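Following: one structure in structure tokens, then a few remarks.
Since the model is a prediction, treat every value here as computed from it, not as a measurement.
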Amino acid sequence: MGEPLTKERIRSVGIFIILLLFFLGMFAAYGVGVYNDSEQYITMHIHREPLYPLFLSFFRLLAGPETGLLLAALVQNILAACGIFFLIEYLAKKFSLHFAGELLLLALELAPHLVTKYVSALGIFLENSIMSEALCIPLFQFFLLFTLRMIFEKKKTDMVWSLVFAYLLSMTRGQMMTTILIWLVAAALGLLFEKQYRKLFIPVLAVICVFGLRSLTVHTYNYFVTGYFMGNTYGQVNTLTNVIYACDREDGAVFAEGSLERAFFDTFYEEADALGANYRYAKDAPEGETAYLEEHHDLLKFQVLESNLSRYYFGLGKVDYYQQSRMSDEMAGKMLRKLLPACFGQWFYDYLLLCRNGFIRSIAVVNRWINWAALAIYFAAAALTVIVFGKNRKSGAARVMGLALLFIAANVCATSLTIMCLSRYMIYGFSIFYMAFFLLAAEFVRGKLRR
């Protein structure tokens, strides 16, 4: 016989039905979204991490090229519904929330999906898209679930599953390698609070092994796809783009006259200057310095850096695309090591501008009327966390907010190193931040009412 239909079970079924109706309804309304980046995932491009291309390949082999993408998008929506359901069910039980409270958590989980579709410039319902974010979002929900269980329940199985999902996230998007480090911080703090100092080497060793496994997996995957045992390329080209943007002409003096690096720098600088892709032009930009940098990043990267690097290395002859891509990335790395110290002040200033937008987009949208409100919300969250934690050192809500803020900071700071913080890169922190804020407020109010 099945379990009796209690109020709690009926409530859970109702929440799950709402989630399925939402995601399947959006899938039916808008269908599969294929965008510029989609082709790179479908063709298993060397720039992309392995998990999402393999995910797409499985469904394409199962149902054919077109139907396979349709089926993959459908599964993405179902996985998103499941990930959100299990996370909010856990939080609702852990914090003894009434049905209205759980519905609020549900609304907060669905909000970023609606924001990226209807409010942000992106205009995409991510779970319908053929982009790695569509798989990252549900994986991140499961990572949060097991990380919170690890923090509160202190079970070894939860520690293992949390690290497994961090590994899977890192294999889906490079920026999500931060989740592995967040797992390390959470695990280490747990041991410190319990005064188990001698066991601190265990999470450190586990993280070293996971990073090693990630590198081996990527290299092995690329070997079977390309024939070359190599990691993903293009990361250093991405980083060099914002460094070139921050340069002055005289910064090229760090390279020896007549060297290949100097020739590349001179070409990059001249072409960037002709396109206005330099920090000097941003000073008078009516839309603001950060917006100007975000607008010119891809222009500088594709039309200047990638174009010139690929033209040179292909011009050597007998060089295929994978060799060219690796050689371009290696050259970008060599130039970075010498050039970044020369323009560090301007680059760091631009980096802080990108971080600012990243922090805003993590909880809101960038708008001159909203930016200050977002800052105020962060201050309110920090103040409330300090107040609640000060009164109750075992506060669960304070720990959830700590995890939320730690992830947002790591995600923003890591993403800003290589590219701008678009909404689809920042979406992950939105729900957990506001859910933590709600839990803090509820705990604060309960504390007041008990007096």
Side-chain angles (χ1 to χ4, degrees), residues 19 21-42 47-48 52 56 66 69-70 72-81 83-84 106-141 172-173 175-176 238 285-288 290-299 301-302 354 356-371 373-374 408 411-412 415-416 418-434:
L19 280 163
L21 288 175
F22 173 80
F23 282 103
L24 296 182
M26 294 297 280
F27 176 71
Y30 297 105
V32 180
V34 178
Y35 306 98
N36 291 338
D37 290 350
S38 302
E39 188 64 23
Q40 292 191 2
Y41 297 112
I42 293 169
H47 297 167
R48 301 299 179 177
Y52 193 60
L56 294 179
E66 298 301 323
L69 293 182
L70 187 74
L74 176 62
V75 171
Q76 287 168 182
N77 277 279
I78 294 172
L79 285 174
I84 292 172
L106 175 63
L108 292 173
E109 280 283 11
L110 298 182
H113 296 276
L114 296 172
V115 167
T116 52
K117 176 62 182 173
Y118 298 113
V119 179
S120 74
L122 191 63
I124 295 174
F125 188 73
L126 286 172
E127 291 309 318
N128 288 354
S129 68
I130 304 303
M131 293 194 295
S132 60
E133 287 85 359
L135 184 58
C136 249
I137 291 169
L139 289 177
F140 184 65
Q141 302 300 317
T172 310
R173 283 200 65 82
Q175 77 184 80
M176 300 304 278
N238 256 329
E287 66 272 31
T290 318
Y292 192 87
L293 170 54
E294 291 179 341
E295 181 184 337
H296 286 79
H297 175 91
D298 282 353
L299 186 70
K301 178 171 61 181
F302 293 121
L354 293 174
R356 183 196 64 179
N357 272 15
F359 278 107
I360 293 169
R361 289 193 178 111
S362 294
I363 64 168
V365 293
V366 173
N367 179 284
R368 61 178 180 169
W369 304 111
I370 297 175
N371 295 351
I408 288 174
N411 190 37
V412 168
T415 304
S416 298
T418 57
I419 199 169
M420 57 279 198
C421 295
L422 300 178
S423 296
R424 64 188 172 106
Y425 305 149
M426 300 296 107
I427 185 177
Y428 308 97
F430 186 100
S431 297
I432 187 62
F433 174 82
Y434 283 108

Hey, does the side chain of [X] reach the backbone of [Y] with a donor-acceptor pair shorter than 3.5 angstrom?
X      : Y      : result
Gln175 : Tyr425 : yes
Ser38  : Ile130 : yes
Asn357 : Met420 : no
Arg361 : Cys421 : yes
Thr415 : Val412 : no
Tyr434 : Ile363 : yes
Asn411 : Gly429 : no

For the student: nearest non-hydrogen atoms of [X] and [Y], plus distance:
X      : Y      : value
Ala364 : Ile370 : CB-CG2, 3.8 Å
Val32  : Ala73  : CG2-CB, 3.9 Å
Glu127 : Pro138 : OE2-CD, 3.8 Å
Met426 : Gly358 : SD-O, 3.6 Å
Ala81  : Leu19  : O-CD1, 3.5 Å
Ile427 : Pro112 : CG1-CB, 3.5 Å

If you measure from [atom1] on [X] to [atom2] on [Y], what distance do you get to the nearest 0.5 Å?
X      : Y      : atom1 : atom2 : value
Leu69  : Leu74  : CG    : CG    : 12.5 Å
Leu139 : Met176 : CG    : CE    : 8.5 Å
Leu114 : Lys117 : CG    : NZ    : 10.5 Å
Leu79  : Ile84  : CG    : CD1   : 11.0 Å
Glu109 : Gln141 : CD    : CD    : 4.0 Å
Arg424 : Ile124 : CZ    : CD1   : 6.5 Å

Heavy-atom distance under 4.5 Å between the side chains of [X] and [Y], does that happen here?
X      : Y      : value
Leu126 : Ser129 : yes
Ser423 : Val115 : no
Tyr428 : Arg173 : yes
Asn238 : His297 : yes
Leu110 : Phe22  : yes

Residues Asn77, Phe125; criterion side chain to side chain contact (heavy atoms under 4.5 Å, CB included); working and verdict: CA-CA 10 Å; Asn77 277 279; Phe125 188 73; 3.5 Å; yes
Please confirm whether the ring centroid of Phe23 lies under 6.0 Å from the ring centroid of Phe27.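 Ring centroids of Phe23 and Phe27 are no less than 6.0 Å from each other.
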Between Lys301 and Glu294, does any side-chain N to carboxylate O distance fall below 4.0 Å?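 Salt bridge between Lys301 and Glu294, a charged N being under 4.0 Å from a carboxylate O: no.
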Could you tell me how the ring of Tyr52 sits relative to the ring of Tyr41: parallel (under 30°), tilted (30 to 60°) or perpendicular (over 60°)?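 Geometry flag for Tyr41 against Tyr52: perpendicular rings.
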Determine whether the side chains of Arg356 and Thr290 contain a donor N or O and an acceptor N or O closer than 3.5 Å.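 Result is yes, a qualifying pair exists.
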